[in-house]
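Everything on this sheet refers to the single structure shown next.
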Amino acid sequence: MNETPTASVIARDARWLLQSHEPNRMLARFTEMDAATYRDASFLDDRMFVDGKPFSIASWALAQEAASLVERDDAAYLFHIGHVGSTLIARMLGELDGILSIREPQLLRDVALLGEPHRSERLPTVRRLLSRTFAPGQRALVKATSFASVLADTLPGQGSRAILLYSEPRRYIETILAGPNSPQEIRIMAPHRRQRMEAMGLAIGDPIERRGDALLAAETWACEMMTLEHAAGARADLQPIWLEFDQALKQLPEVLHRLGQALGADADEAQCQAIAAGPLISRYSKASEHAYSPELRAQHLEEVRRYEAAPIAEALSWLEAMAARSALLGSALARRG
């Protein structure tokens, strides 16, 4: 463990990342970062400590004190439904001058899982500490974990911007079925997502263990898209930017230029062209050391379409039936591309 920094040192810039929060003991974990570390880190959750990266444990009161010294809360956010290229988009935007890309800090997961009023009590501190950068003209872009989208209507400050990234339901279901670990992941999160959907007025009913992977993928899509639709309706001041991933892949330079301008970055068209054609496009899995290109992705999806056609069709029919019971889900399905 490192020596704990003072509140004034924490508040100065983005050097000390508030990486996580332990609510039962009201503790905060800070870890020291620089611009290169933010740029290169595959994960800002607890996996970043596997190789022994040092950290400091402090009281949550110290985090609150540091936040009170921060004069900005203008971080932009990238909320998404999971497995839709959010790491690629966040990494590429982080290559633009003026953007500090902060990808999936554990902190947002910790806060997202809190009940009220505890969640709301933490948000001012989280909002300010995530808005710190290394230069006055720089802006933080914070990519949340998919289920942390529950914060999309409350976390961003006034004047923030939010990118809402998704994929069409068929492509999303295919993507989940093509991933070696994705079906297991969505099955683990299914009870939590069902609770969230019920809170938004859509009860599912069937026991989870009876559902196939395609239906569970459709259920996951429904939950996360309803969450984004709710946030977009609740926070028009965010001027939310909806982005469908496969459409974005077809015109990446233009998308990067548009998003960069919306976030206030100096987004030069030539630079956007170079970023879109650079090495990141062939390694857009969460861990950049693993190659995963658009061509490899297309091959995997074609295999899924060939062997899972019937379950996918059933899952899409289920989504249409559920949309008749939920205005939020109806809006999500109408958004398609």
Side-chain angles (χ1 to χ4, degrees), residues 70-82 84-86 89-90 93 96 98-99 101-102 108 111-112 114 116-117 119-131 133 139-169 172 193 196-202 221-245 247-248 251 254-265 267 322-323 325-337:
V70 177
E71 296 182 354
R72 59 190 302 187
D73 63 355
D74 62 342
Y77 294 88
L78 196 165
F79 296 107
H80 59 97
I81 66 172
V84 288
S86 59
I89 298 299
L93 288 173
L96 295 174
I99 293 181
S101 180
I102 304 174
L108 292 187
V111 175
L114 290 175
E116 293 293 358
R119 181 192 294 172
S120 295
E121 291 170 352
R122 307 306 196 275
L123 289 182
T125 296
V126 172
R127 188 181 299 127
R128 288 182 175 274
L129 291 185
L130 287 179
S131 294
T133 61
R139 190 176 195 181
L141 171 66
V142 183
K143 180 177 92 81
T145 307
S146 59
F147 67 81
S149 292
V150 295
L151 304 175
D153 62 339
T154 53
L155 175 58
Q158 291 294 321
S160 291
R161 297 300 302 270
I163 301 167
L164 307 181
L165 181 63
Y166 70 105
S167 66
E168 293 185 282
Y172 182 82
R193 288 192 167 108
R196 288 168 52 197
M197 278 193 286
E198 288 180 9
M200 290 184 284
L202 182 60
W221 187 92
C223 176
E224 299 303 340
M225 283 297 288
M226 288 169 66
T227 301
L228 295 186
E229 290 285 351
H230 168 78
R235 289 290 304 273
D237 63 297
L238 291 178
Q239 304 174 65
I241 304 167
W242 286 92
L243 188 67
E244 201 280 327
F245 180 62
Q247 293 300 318
Q251 46 186 348
E254 295 84 355
V255 167
L256 293 176
H257 186 253
R258 175 167 60 91
L259 294 178
Q261 287 188 320
L263 300 180
M322 291 297 102
R325 296 165 45 187
S326 167
L328 282 176
L329 183 53
S331 295
L333 279 176
R335 192 170 293 282
R336 297 183 178 182

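In this text the structure is predicted, and so the values were computed from the model without any measurement.
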query = What pairs with Ser326 under side chain to side chain donor-acceptor pair (under 3.5 Å), at least two apart in sequence or on another chain?
reply = none
request  = Report the residue from Thr125, Asp73, Val70, Leu108 that forms a side chain to side chain contact (heavy atoms under 4.5 Å, CB included) with Leu130.
outcome  = Leu108
Taking every non-hydrogen atom, the tightest pair across Ala148 and Phe79 = O-CE2, 4.0 Å
key: Side chain proximity check, His80 to Ile89, heavy atoms < 4.5 angstrom   = no
Approximate separation, where rounding is to 0.5 Å, of Gln251 CD and Leu256 CG = 10.5 Å
ask   = Are Leu155 and Val142 close enough that some pair of their side-chain heavy atoms sits under 4.5 Å apart?
value = no
query = Do Arg161 and Arg139 touch side chain to side chain, with heavy atoms closer than 4.5 Å?
reply = yes
note = Taken to the nearest 0.5 Å, the spacing of Leu243 CG from Leu259 CG works out to 6.0 Å
query = Is there a donor-acceptor pair under 3.5 Å between the side chain of Arg119 and the backbone N or O of Ala112?
reply = yes
inquiry  = Return the CD1 to OH distance between Ile163 and Tyr77, rounded to the nearest 0.5 Å.
reply    = 13.0 Å
message = Any side-chain to backbone donor/acceptor pair from Trp221 onto Ser167? Under 3.5 Å, distance only.
response = yes
inquiry  = Rounded to the nearest 0.5 Å, what separates atom CG in Leu165 from atom OG in Ser146?
reply    = 11.0 Å
note = Taken to the nearest 0.5 Å, the spacing of Ser149 OG from Met225 CE works out to 10.5 Å
task = Give the minimum heavy-atom separation between Tyr172 and Gly82, together with the two atoms involved.
result = CE1-O, 3.0 Å
query = When you measure from the side chain of Arg235 to the backbone N and O of Pro156, does any donor-acceptor pair fall under 3.5 Å?
reply = yes
message = Looking at Leu329, is its backbone amide N or carbonyl O close enough to the side chain of Glu229 to form a donor-acceptor pair, meaning the two atoms are under 3.5 Å apart?
response = no
query = If you take all heavy atoms of Ile241 and Ala262, which pair is closest and at what distance?
reply = CD1-CB, 3.6 Å
ask   = Within the distance-only criterion (no hydrogens, no angle test), does the side chain of Ser101 pair as donor or acceptor with the backbone N or O of Ala90 below 3.5 angstrom?
value = yes
request  = Quick one: pull up CZ in Phe147 and CZ in Arg196 and give me the separation to the nearest 0.5 Å.
outcome  = 8.5 Å
ask   = Got Ser120 and Thr154 here, is their nearest side-chain heavy-atom distance under 4.5 Å?
value = no
note = Contacts of Ser131 meeting side chain to side chain donor-acceptor pair (under 3.5 Å) (sequence neighbours excluded), chain-then-number -> none
inquiry  = A quick test of your reading: do over 12 heavy atoms of other residues, nucleotides or ligands sit less than 6.0 Å from CD of Glu116?
reply    = yes
task = Report yes if some heavy atom in the side chain of Val84 is under 4.5 Å from a heavy atom in the side chain of Glu224; otherwise report no.
result = no
request  = Check whether any side-chain N or O of Arg193 sits under 3.5 Å from a backbone N or O of Cys223 as a donor-acceptor pair, and report yes or no.
outcome  = no
note = For Ala140 and Thr133 the tightest heavy-atom approach is N-CG2, 3.5 Å
key: Worked verdict on Leu151 versus Val126 for side-chain contact (heavy atoms from CB on, under 4.5 Å)   = CA-CA 11 Å; Leu151 304 175; Val126 172; over 6 Å; no
request  = Could I get the full list of side chain to side chain donor-acceptor pair (under 3.5 Å) partners for His230, not counting sequence neighbours?
outcome  = Asp153
request  = Quick one: do Ser160 and Arg127 satisfy side chain to side chain donor-acceptor pair (under 3.5 Å)? Show the steps, please.
outcome  = CA-CA 10 Å; Ser160 291; Arg127 188 181 299 127; over 6 Å; no
